[in-house]
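Worth saying up front: this structure is predicted, and the values here are computed from it rather than measured. Quick note: residue numbers are just sequence positions, from 1.
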Amino acid sequence: MSDVAQMSVQSTPPRCLSDAEAGQQRADHRRRWLLSLPALTIITILSLVPLLIVLLFSFLQKDTYGGVVWQFSGTAWTEVLFQRDIFDGTLGFADAHLSIFLRSLKISVITTVMTLLVGVPIAYFIATRPKSSRNIWLFLITVPFWTSLLIRTIAILEIIRKDGIVNKFLLGTGLVDEPVQFLFTDFAIGMGMTYVYLPLMVLPVYASVERLDFNLLEACYDLYASRWTAFRRVVLPLIKPGVIAGSILVFVPSLGEYVTPRILGGGGNLMIGNLIELQFGQGRNWPLGAALSLTLMLMIVGILLYYVAVTGKEENGHG
């Protein structure tokens, strides 16, 4: 019995010490939350309050000269996809809105694919340079981010306009007899957005390629695999996280792009961002503008949730 009592006495201090440590951890946890509470409060106010205001405006009626009438209405949400006939009042699809949605999705997908096709070789090239020169190449990739988006877009405009560099080259080489109309087309918007968002694709892919074990490529070549087979079967699966991250970083902002379509697309090639600005400006329909803004946000959230679901299934399958 004495041995049992002695063992119980010896086991008591560690248990008390563990309780004291747990209490100290809880106190530290509460202290951290209290210290971060002001920042969390500011972030919450600056993010949720504007969103709630937009949500509230989307369920109100529009005023004649802009603003809202404080009466509940779901008309704005109906007008996102439907429009009412001015003669008989029947509802039909809003063809203009649907075409703008489809154009935005198409151009965003094209921009993502183009940045992927251009960005992956660039990232691979930088990652395979000597370590002493990689920072210089990365510096050159990020230089455009140091200038205004408006200036970068105008630079593209100067290049592809009728008397720009591209048309002068085509005329000088005799490939065309008259200047080609590049401006105010979906091609111009896609080209401008590809240039603008290219660094957002290069940097994540570069981070994945840099961690790649190139001994695997040597093993592929020893097994008589071609360069394309080695890239497709070895490199691409290993850099897939960087490719997916870069695609999301490009697709999400390009879907709501406003400046580039406005300058390079003119007034006839609108995207969702231009349509939203039009409703808050010339259209004087704030509820519809708010509903379109929330629709764009829901589209982006849906895409991100789909990405999380797909990647989660892949991780579970490999796990």
Side-chain angles (χ1 to χ4, degrees), residues 102 104-146 149 152 156 186-187 189-257 260 299-319:
L102 292 177
S104 300
L105 288 171
K106 180 186 71 173
I107 295 178
S108 298
V109 170
I110 292 175
T111 300
T112 304
V113 172
M114 292 302 298
T115 54
L116 185 63
L117 294 176
V118 177
V120 170
I122 292 176
Y124 188 86
F125 172 81
I126 296 175
T128 54
R129 298 305 94 192
K131 291 185 178 181
S132 58
S133 62
R134 291 179 189 175
N135 291 333
I136 298 176
W137 290 105
L138 290 175
F139 169 77
L140 294 176
I141 289 295
T142 56
V143 161
F145 269 3
W146 296 12
L149 172 62
R152 285 179 282 163
I156 295 295
D186 291 347
F187 169 80
I189 299 174
M191 180 179 177
M193 291 172 60
T194 299
Y195 166 69
V196 167
Y197 292 115
L198 182 61
L200 297 181
M201 179 65 74
V202 172
L203 296 179
V205 176
Y206 164 79
S208 295
V209 176
E210 191 182 28
R211 295 192 297 267
L212 184 65
D213 185 3
F214 288 94
N215 292 326
L216 298 174
L217 292 179
E218 295 181 2
C220 290
Y221 299 147
D222 291 340
L223 295 174
Y224 303 102
S226 64
R227 291 183 177 272
W228 169 246
T229 302
F231 176 79
R232 181 173 56 88
R233 300 293 295 274
V234 177
V235 176
L236 192 57
L238 292 177
I239 67 173
K240 184 178 179 181
V243 171
I244 294 176
S247 299
I248 291 176
L249 288 175
V250 172
F251 182 81
V252 169
S254 63
L255 190 60
E257 181 59 75
T260 304
M299 292 171 61
I300 294 174
V301 170
I303 293 170
L304 295 178
L305 290 177
Y306 175 76
Y307 161 72
V308 171
V310 171
T311 54
K313 289 181 180 180
E314 291 182 354
E315 291 178 358
N316 293 333
H318 293 295

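For residues 107-130, the pairs satisfying ring pair (Phe, Tyr, Trp, His ring centres under 6.0 Å) are Phe125-Trp137, with sequence neighbours left out.
No side-chain heavy atom of Tyr195 sits less than 4.5 Å from a side-chain heavy atom of Val118. Proximity of Leu304 to Val252: side-chain heavy atoms (C-beta onward) are separated by under 4.5 Å at one or more points. Using a 4.5 Å heavy-atom threshold, the side chains of Lys106 and Val109 count as separate. With contacts defined as side-chain heavy-atom distances shorter than 4.5 Å, the pair Leu105/Phe251 qualifies. Using a 4.5 Å cut-off on side-chain heavy atoms (C-beta onward), Ile110 and Asp186 make no contact.
To the nearest 0.5 Å, atom CG of residue Leu203 and atom OG1 of residue Thr142 are 7.0 Å apart. Atom CE of Met201 sits about 10.0 Å away from atom CD1 of Ile248, to the nearest 0.5 Å. For the atom pair CG of Leu216 and OH of Tyr221, the computed distance is 11.0 Å after rounding to the nearest 0.5 Å. Distance check: Leu255 CG to Ile300 CD1 gives 5.5 Å after rounding to the nearest 0.5 Å. Here the straight-line distance linking atom CD1 of Ile136 with atom CD1 of Ile126 works out to 11.5 Å at 0.5 Å rounding. Between the OG atom of Ser108 and the CE atom of Met299 there is a distance of 8.0 Å, given to the nearest 0.5 Å.
Across all non-hydrogen atoms, the minimal contact from Gly192 to Ile156 is CA-CG2, 4.1 Å. Considering every non-hydrogen atom in both Val234 and Cys220, the closest pair reads CG2-SG, 3.2 Å. A pairwise comparison of heavy atoms in Pro199 and Ile141 identifies CG-O, 3.6 Å as the closest pair. Contact detail for Arg232 and Pro237: the closest heavy-atom pair is O-CD, 3.4 Å. Shortest non-hydrogen contact noted between Pro121 and Leu116 is CD-O, 4.2 Å. Nearest heavy-atom pair across Ser208 and Pro241 is OG-C, 4.3 Å.
Shown here is Arg227, whose CZ atom has no more than 12 heavy atoms of other residues, nucleotides or ligands within 6.0 Å. The number of heavy-atom neighbours closer than 6.0 Å to CZ of Arg233, taken from other residues, nucleotides and ligands shown, is 12 or below.
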Residues Thr194, Met191; criterion side chain to side chain contact (heavy atoms under 4.5 Å, CB included); working and verdict: CA-CA 5 Å; Thr194 299; Met191 180 179 177; 5.7 Å; no
Step-by-step side chain to side chain contact (heavy atoms under 4.5 Å, CB included) determination, Tyr197 to Met114: CA-CA 10 Å; Tyr197 292 115; Met114 292 302 298; over 6 Å; no
Intermediate values then yes/no, side chain to side chain contact (heavy atoms under 4.5 Å, CB included), Val209 and Phe214: CA-CA 9 Å; Val209 176; Phe214 288 94; 4.3 Å; yes
Leu212 vs Val235, side chain to side chain contact (heavy atoms under 4.5 Å, CB included): CA-CA, chis, key distance, verdict: CA-CA 8 Å; Leu212 184 65; Val235 176; 4.1 Å; yes
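When the ring pair (Phe, Tyr, Trp, His ring centres under 6.0 Å) test is applied to Phe139, the partners found at least two apart in sequence or on another chain are Trp146.
Not a single donor-acceptor pair under 3.5 Å links the side chain of Arg129 to the backbone N or O of Arg134.
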